[in-house]
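Position 1 is the first residue of the sequence; numbering continues from there.
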Amino acid sequence: MGDAGSDPDDWGSASADPESDEWGDQSDGDSSGPADAGAEGESNATAPTDTAETADEPAETEATESTRGSGDDDTTRDVSNEVGADADDPEVPERYVQVDAFDVAEVAAADAGAGAIAVATADGRVSLITSGDRRRVARKDGVIDVAVADRVYVLSGAELEAFSHAGSRVWGVDVPDGQSVDADPDDDRVYVRTGDGEFVVVEGRTGIEAGRFEQPHADVAESPAVAAADGRLAVASWSFLTVLDSTGEQLDEQTLSGAVTDVGLLPGRAVVSLKDGQLVGYEGDDCLWEIDGDVSWLADAGVAALAARVAGSDFAVDADGNRHPLDGVSGTPIAATPSLDLVCTVGSGTATVYAAVGRADESVTVTVESESLRPADPTVVLAFTNEGDRAVEVDATVDADGASVASSTVSATIDAGSTQRRRVSLGPLSADEVTVTAAVGDASTEKVLEVQEETTALHVESVLHGVEDGVLSAAIDVENDGDTSVTGVTVGETTVGTLDPGESERVPLEQDLPSGAVTVRADGVDPLETETTVPATPTGIDIESASKGFLSVTLHNDTPVAVDDQVTVEGVPDDDGSFSMPVSIQANGAYRLALPVASAGERSVTVETSGGRVSERLSLTRCSLLQDDADRGAASRGVPAAAPTAELPRRGLDRLPTRSPTAATAGPSRCPWTGSIRQPTPGEASCSKSGWWWRTNRPSPSSSSSGRTTARTHSG
């Protein structure tokens, strides 16, 4: 193949989708994911983050572990006391902290690559998770499997697509009857297993087909477990373990002692889990060790160790079969990066992400950000910056000459490349100057702070912009109303610095709903707070059964900012029908929809809005729609009346004729289907067999904002 898609019968177009950015919500372009290939033509779409509660704690039970040498079936040695024997190995993390948690639908597939984890849910959302960041990279129906390397590979239907870590589509190829996908970042190969019993090999960078070969033991009824790493492909089918190179040439093959459930690769090792709960490590043809402990999950690849769930607890199993507890991780794992720096678990509808942490070393620097002290509020701000590539724990010591220190030790857990600030309270000031010293390990910093005598003043005001996807956009205005300069100004976690007399600064910010107060601090100024409060659910919902066979839905926004949301109605136009559309509701406004009901009878109708964390559900049960007066209205329009339980012709939203708004509002119009005449309505667009349709967004009587065309609604 010359390039991806050169054979249209098998592969299809490999060009990037020009509208790929629509699959992920955009955020700052500088938040690109790790190991992003950065191919030409890629865009930099990213997705925002949200949080949820942590997963359930797993049951803690003991596992029995044994090790045996190759060819020595009768000689075993108990290694249960060797758990964590290599705990000091720097490549095996000692402890984890939770860095993210979010609500998740049923997980359809998950995979991990260097520094990133991809999770695909049953509703078609594919998210990429890194330490401290999560973004949606794709939205695809019918996702079968995902894989992660320098790109995110999504197999859905008969198509394999590649997305950058930033969320842009790089290429797509057709793979008929694809069953699974695995990516090997070490040699840029992607393996797609098909239902025809073969592997299709694709270049990850280009999407070009690099070869095909038969699946080992394809005649076995069950689907094989597959893992790719280090230029090798391991295929475990029933009781056979086969290791191949990227061309399909066999390197090793073993007949296992039982049926396999999963397979993983370590450098020079292949590890399999069996249905009887055993975990077995092989080097070539030699069986090196066995663990008996009810193994229920195994990662695909590892550098120093493989993540595994043994007897309900999470461990890292190294190349010698030693177990290292994943301290701090709870829940059922679904993916772990090869270096074990990230682990993702699920439990009770929540996905939780854990990052490995180490002790602070030369990668952490500390600075004293305060410029002066005020006797009424003697606090100093310390900033800790982690310049390393892994999260670390910090225990800093603080001392002051000229004042006492309320707490001489400051602790923090800092993500890679992040900065955290801590405020340290000082005791009574005994001099005009205070020398503050902060130390992390062998590194320390020292700064002399002047004690201010004159009080300065700040004026703080919040400006609310709008709500989108459950996030409030706002800004904080800070102005110096005093006669002297104010130093050390911070707005929340944002550093402003110095404000001279009469000078002001506007600091933009976003807050997950429910929003709240923002604290503004400065040297010599009492802490100030400004409110940005907007309810977690700003959209109220009213629904009722209207006459003439329509469902009336009204969305109320009682907040002082506009709300962009998504509304979904289940139960119209019939029992199994649904309707969904984006809406934009003005500040203190309302948004009304009138939806046709195609069949009579009693049923449950549910209306829901969803904007990230903004969610309100109202269920109207046993609502009798299409009452007798609706039938009489239908008869008056020349449509035969139906009994309350009779089913009328379905009126779908996708069969509406269109007319220009100008023509629709020029004068009285006659519906070609019903013959009814209707006077023009501002924004009216067209009629259909079920009535007249128009676009509207009407503000509440208390709002002075004018309406604007944003949505299609229906009225009889």
Side-chain angles (χ1 to χ4, degrees), residues 109-114 116-118 144-150 152-153 155 178-194 198-202 204 213 215-218 220 222-254 256 259-275 278-284 288 291 295-309 315-319 321 333-340 342-344:
D111 190 48
I117 293 174
I144 298 172
D145 200 7
V146 294
V148 182
D150 287 348
V152 181
Y153 304 97
L155 180 65
Q179 302 294 308
S180 67
V181 59
D182 292 89
D184 184 350
D186 298 308
D187 66 351
D188 191 40
R189 288 295 183 266
V190 182
Y191 302 89
V192 181
R193 182 177 60 84
T194 72
E198 69 175 358
F199 281 95
V200 179
V201 188
V202 182
F213 54 83
Q215 170 190 325
H217 303 283
V220 174
E222 294 188 3
S223 298
V226 182
D230 195 27
R232 297 176 296 157
L233 181 72
V235 183
S237 302
W238 189 240
S239 59
F240 302 100
L241 169 62
T242 307
V243 180
L244 314 167
D245 65 13
S246 60
T247 66
E249 182 178 349
Q250 179 176 310
L251 301 177
D252 302 296
E253 184 167 81
Q254 291 290 327
L256 309 175
V260 71
T261 60
D262 211 346
V263 63
L265 289 172
L266 285 167
R269 302 283 194 276
V271 181
V272 293
S273 60
L274 305 179
K275 286 188 175 181
Q278 277 190 323
L279 197 64
V280 187
Y282 287 93
E283 180 179 20
L288 300 181
I291 295 177
V295 179
S296 57
W297 177 83
L298 180 67
D300 286 346
V303 177
L306 282 173
R309 190 159 178 85
F315 291 93
V317 181
D318 64 24
I334 57 173
T337 57
S339 62
L340 293 174
L342 287 178
V343 178
C344 184

Run the side-chain donor-acceptor check on residues 298-305: report pairs under 3.5 Å with partners two or more places apart or on a different chain.
none

Q: Might you point out which heavy atoms bring V263 and A236 nearest each other, and give the distance in Å?
A: CB-CB, 4.1 Å

Q.
Please enumerate all residues that pass salt bridge (charged side-chain N to carboxylate O under 4.0 Å, His left out) together with E222, with sequence neighbours excluded.
A. K275

Q: Report the C-alpha distance between I117 and T337 in whole Å, list the side-chain angles of each, state the deciding distance to 0.1 Å, and finish with yes or no for side-chain contact (heavy atoms from CB on, under 4.5 Å).
A: CA-CA 7 Å; I117 293 174; T337 57; 4.0 Å; yes

**Q.** Minimum heavy-atom distance E283-G268, with the two atoms named
**A.** CG-O, 3.5 Å

Q. Can you name the closest pair of heavy atoms from Q254 and G284 and give their distance?
A. NE2-O, 3.6 Å

Q. Which heavy atom in P338 sits nearest to a heavy atom in G113, and how many Å separate them?
A. CD-O, 3.4 Å

Q. Going by the side-chain hydrogen bond (donor to acceptor under 3.5 Å, both in side chains) test, which pairs reach into residues 232-247, not counting sequence neighbours?
A. T242-E253, D245-T247

Q.
Could you tell me if the side chain of D184 sits less than 4.5 Å from the side chain of L233, heavy atoms only?
A. no

Q) Where do G178 and I144 come nearest, in terms of heavy atoms and distance? A) O-CD1, 3.6 Å

Q) Among all residues two or more places apart in sequence or in another chain, which pass the ring-ring contact (aromatic ring centres under 6.0 Å, His included) test with Y191? A) none

Q. What is the distance from atom OG of S296 to atom CG of L279, rounded to the nearest 0.5 Å?
A. 10.5 Å

Q. Sub-3.5 Å donor-acceptor pair from the side chain of R309 to the main-chain atoms of W297, do we have one?
A. no

(Q) Strictly distance-based, threshold 3.5 Å: is any side-chain N or O of D111 a donor or acceptor partner for the main-chain N or O of V148? (A) yes

(Q) So if I apply the side chain to side chain contact (heavy atoms under 4.5 Å, CB included) rule between V317 and each of V271, I291, V295, which one comes out positive? (A) I291

Q | Atom of D262, atom of A225 and distance for their closest heavy-atom approach | A | CA-CB, 3.7 Å

**Q.** Set of residues satisfying side-chain hydrogen bond (donor to acceptor under 3.5 Å, both in side chains) with respect to Q179, sequence neighbours excluded
**A.** D177

Q: With side-chain contact (heavy atoms from CB on, under 4.5 Å) as the test, would you mind laying out the steps for Q215 and E198 before giving the verdict?
A: CA-CA 5 Å; Q215 170 190 325; E198 69 175 358; 5.7 Å; no

Q.
Quick check for you: to the nearest 0.5 Å, what is the distance between Q278 atom CD and L256 atom CG?
A. 10.5 Å

Q: Check whether any side-chain heavy atom of L241 sits under 4.5 Å from a side-chain heavy atom of Y282, and report yes or no.
A: yes

(Q) My understanding is that only residues two or more places apart in sequence, or in another chain, count here; which of them pass side-chain contact (heavy atoms from CB on, under 4.5 Å) with V181? (A) D145, A147, Y153, L155, L160, V190, V192

